[in-house]
Participant: 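One structure follows; several queries about it will come next.
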Amino acid sequence: GSDGNNENRENYPLTSEMLIGLKGVFENFQFKKNPVVVNYTGKTPLIRYLKLPEMPQNEVEEAIKWEAQKLMTEPLETKVIDYAVLQKNEESGKVVLHLILVAVDKSDISEELDNIGRAGIYPRLMDVNPLALLKVVELNHSPEKDHDLIFMDIGSAKMEINICRE
């Protein structure tokens with residue numbers, strides 16, 4: 001939630017030097033500016049893993065909102081809430097959805113988009129860890145069954161470990 005923790009924001013807002021550098025990278029290497037996918041780096045988002053019984057898509061969306069409201073003290077209208085189905089499997093004769101729920105303050109996303117927009121870059125998609133890391137691995141490596149993946153992000157101010165089990 002909005003606890004005022006800015007541990008990941010030591011470089012925000014973007015300085016003019018950073019903006020010039022970012023614009024230069026896109027121009028010098030002739031990267032297309034749009035569509036761009038960026039990783040959310042702001043305040044720590046709420047990330048929860050959930051298990052729900054299989055149900056129609058519209059009911060899953062309602063269940064996600066219900067679960068999110070139980071986890072937050074702030075109104076849902078102040079958050080961007082999204083989810084991804086990680087896997088479906090059978091447990092005790094019933095199909096179960098394994099999901100990841102993510103909630104971020106709308107104001108934090110607006111601030112990040114404004115900063116990136118000042119460099120002339122307008123993202124099509126904003127992702128969060130651990131989903132961004134998982135997508136990179138899925139795109140670049142063929143998954144082998146019965147192998148676990150561990151993503152470690154070790155920085156000077158924080159360390160994040162994500163474990164994906166088959």
Participant: Could you grab the distance from atom NZ of Lys79 to atom CD of Gln69, nearest 0.5 Å is fine?
Facilitator: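 Going from the NZ atom of Lys79 to the CD atom of Gln69 covers 10.5 Å.
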Participant: For the CD atom of Gln57 and the CD atom of Glu62, what is their distance to the nearest 0.5 Å?
Facilitator: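 Interatomic distance, Gln57 CD to Glu62 CD, rounded to 0.5 Å: 11.5 Å.
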Participant: Say you draw a straight line from CD1 of Ile121 to CG of Leu113; how long is it, rounded to the nearest 0.5 Å?
Facilitator: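 Between atom CD1 of Ile121 and atom CG of Leu113 there are 12.0 Å.
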Participant: Could you tell me whether Lys106 atom NZ has more than 12 heavy atoms of other residues or ligands within 6.0 Å of it?
Facilitator: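 It does: Lys106 NZ has more than 12 such atoms within range.
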Participant: Please report the interatomic distance CD1(Ile116) to CG(Leu22), rounded to the nearest 0.5 Å.
Facilitator: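 Reported to 0.5 Å precision, the distance equals 8.0 Å.
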Participant: What are the two closest non-hydrogen atoms of Ala63 and Met55, and how far apart are they?
Facilitator: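 Ala63 and Met55 have their closest heavy atoms at CB-SD, 4.2 Å.
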Participant: Just to verify, which of Leu46, Val102, Asp82 counts as forming a side chain to side chain contact (heavy atoms under 4.5 Å, CB included) with Val128?
Facilitator: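 Of Leu46, Val102, Asp82, side chain to side chain contact (heavy atoms under 4.5 Å, CB included) with Val128 is met by Val102 alone.
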Participant: Go through the steps to decide whether Tyr49 and Leu101 satisfy the test side chain to side chain contact (heavy atoms under 4.5 Å, CB included), and finish with yes or no.
Facilitator: CA-CA 6 Å; Tyr49 295 92; Leu101 173 140; over 6 Å; no
Participant: So which heavy atom on Leu76 is nearest to which on Lys65, and how close?
Facilitator: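 In terms of heavy atoms, the two residues are closest at CD1-O, 3.7 Å.
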Participant: For the residue pair Val96 and His98, establish whether any side-chain heavy-atom pair is separated by less than 4.5 Å.
Facilitator: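 A side-chain contact exists here, since the closest heavy-atom pair is under 4.5 Å.
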Participant: I'd like to know if Tyr83 and Leu71 are part of one continuous hydrophobic network [Ile/Leu/Val/Met/Phe/Trp/Tyr, side-chain heavy atoms within less than 4.5 Å].
Facilitator: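 Cluster IDs for Leu71 and Tyr83 match.
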Participant: Val85 pairs by side chain to side chain contact (heavy atoms under 4.5 Å, CB included) with which of Ile100, Leu97, Val60, Leu52?
Facilitator: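 Filter result, single survivor: Leu97.
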Participant: Kindly indicate whether the side chain of Met72, heavy atoms from C-beta on, has any atom under 4.5 Å from the side chain of Ile81.
Facilitator: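 Sidechains of Ile81 and Met72: in contact.
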Participant: Between Tyr40 and Pro45, which heavy-atom pair has the shortest distance, and what is it?
Facilitator: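 Reported closest heavy-atom pair: CE2-CD, 4.1 Å.
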Participant: Return the CD1 to CG distance between Ile109 and Asp114, rounded to the nearest 0.5 Å.
Facilitator: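 Answer for the CD1-CG pair, Ile109 versus Asp114, is 12.0 Å.
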Participant: Please step through salt bridge (Lys or Arg N to Asp or Glu O under 4.0 Å) for the pair Arg48 and Glu67, ending with a clear verdict.
Facilitator: CA-CA 10 Å; Arg48 292 293 184 273; Glu67 292 293 330; over 6 Å; no
Participant: Inspect the contact between Lys88 and Glu54 and indicate whether a charged nitrogen and a carboxylate oxygen are less than 4.0 angstrom apart.
Facilitator: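 Here Glu54 pairs with Lys88 in a salt bridge, since their nearest N and O are under 4.0 Å apart.
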